Structure formats: C-alpha cells, structure tokens
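For reference, positions follow the sequence shown, starting with 1. Given the structure is predicted, the values throughout are model-derived calculations rather than measurements.
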Amino acid sequence: MKILIIEDEPSLREIMQRALVQERYVVETASTYSEADAKIAAYSYDCILLDIMLPKKDGFAVCKELRAQNISTYIVMLSARDDELDRV
C-alpha cells in the first residue's frame with residue numbers, strides 16, 4: 001500500500017512516516033499542497049493522510065480540489081483541533 005502524508009509539521013510528518021514504514025507501507029511525504037499536487041500528478045496512492053491546518057490552503061480546500069480532479073483516493077483528515085464541532 002502506498003501512502004502520501006501531507007503534513008507541514010516536520011516532526012509529526014517524520015513520526016508518522018517512520019511508524020508506517022515500520023509496518024511495511026510505502027510512504028511519501030509532502031509539506032505543502034504544491035509539493036503534494038506534483039506527487040499526486042506523478043504517482044497513484046492508495047491513501048492520503050491530510051493535515052487540516054496546512055499553510056496557504058487548508059486540508060478541506062485540498063480535499064475539495066482533489067475530488068474536483070476526480071481523484072478518488074481514500075483521504076484521512078488529520079487535525080490537532082480538539083473542539084467537538086471540529087472533530088465531527
């Protein structure tokens with residue numbers, strides 16, 4: 001399974017990558033949407049782990065843009081927000 005992590009926080013991105021690689025997943029990372037967009041155009045992913053709070057373009061906008069491009073890859077939204085409304 002090939003996973004793309006889109007996360008701007010370097011330490012969190014590295015921890016997730018290390019944990020997934022240890023479980024034998026193929027993992028690539030991106031810290032910005034521009035970087036992720038280039039990778040998504042070049043490769044096919046089974047799953048995208050997407051941070052909601054990205055700089056310039058938030059995860060919700062990124063998700064909408066991917067769906068508008070007919071990219072049907074599974075997307076798991078990641079959030080550090082802890083309000084109940086944000087979690088739902």
Might you point out which heavy atoms bring D8 and M53 nearest each other, and give the distance in Å? OD1-O, 3.6 Å
Can you give me the closest heavy-atom contact between L50 and G59, atom names plus distance? CD2-O, 3.3 Å
Going hydrophobic residue to hydrophobic residue with side-chain gaps under 4.5 angstrom, can you get from Y25 over to Y74? no
Gap between atom CD of Q17 and atom CD1 of I15 - 0.5 Å precision: 11.5 Å
Which atom pairs, one a donor and one an acceptor, fall under 3.5 Å between side chains of residues 38-49 and the rest of the protein, sequence neighbours left out?
residue	atom	partner	partner atom	Å
K39	NZ	T29	O	2.5
Y45	OH	E28	OE1	2.5
D46	OD2	K2	N	2.7

About how many Å separate CG of L78 and CG of D51, when rounded to the nearest 0.5 Å? 6.5 Å
Which pair of non-hydrogen atoms, one from E65 and one from Y33, has the smallest distance, and what is that distance? OE2-OH, 2.8 Å
Considering only NZ, NE, NH1 and NH2 on the basic side and carboxylate oxygens on the acidic side, decide whether E9 and R13 come within less than 4.0 Å. no
If two hydrophobic side chains count as joined below 4.5 Å and joins carry through other members, does V26 share a cluster with V21? no
What is the distance from atom CD of Q69 to atom CG of D37, rounded to the nearest 0.5 Å? 5.5 Å
What's the spacing between S34 OG and L54 CG if we round to 0.5 Å? 10.5 Å
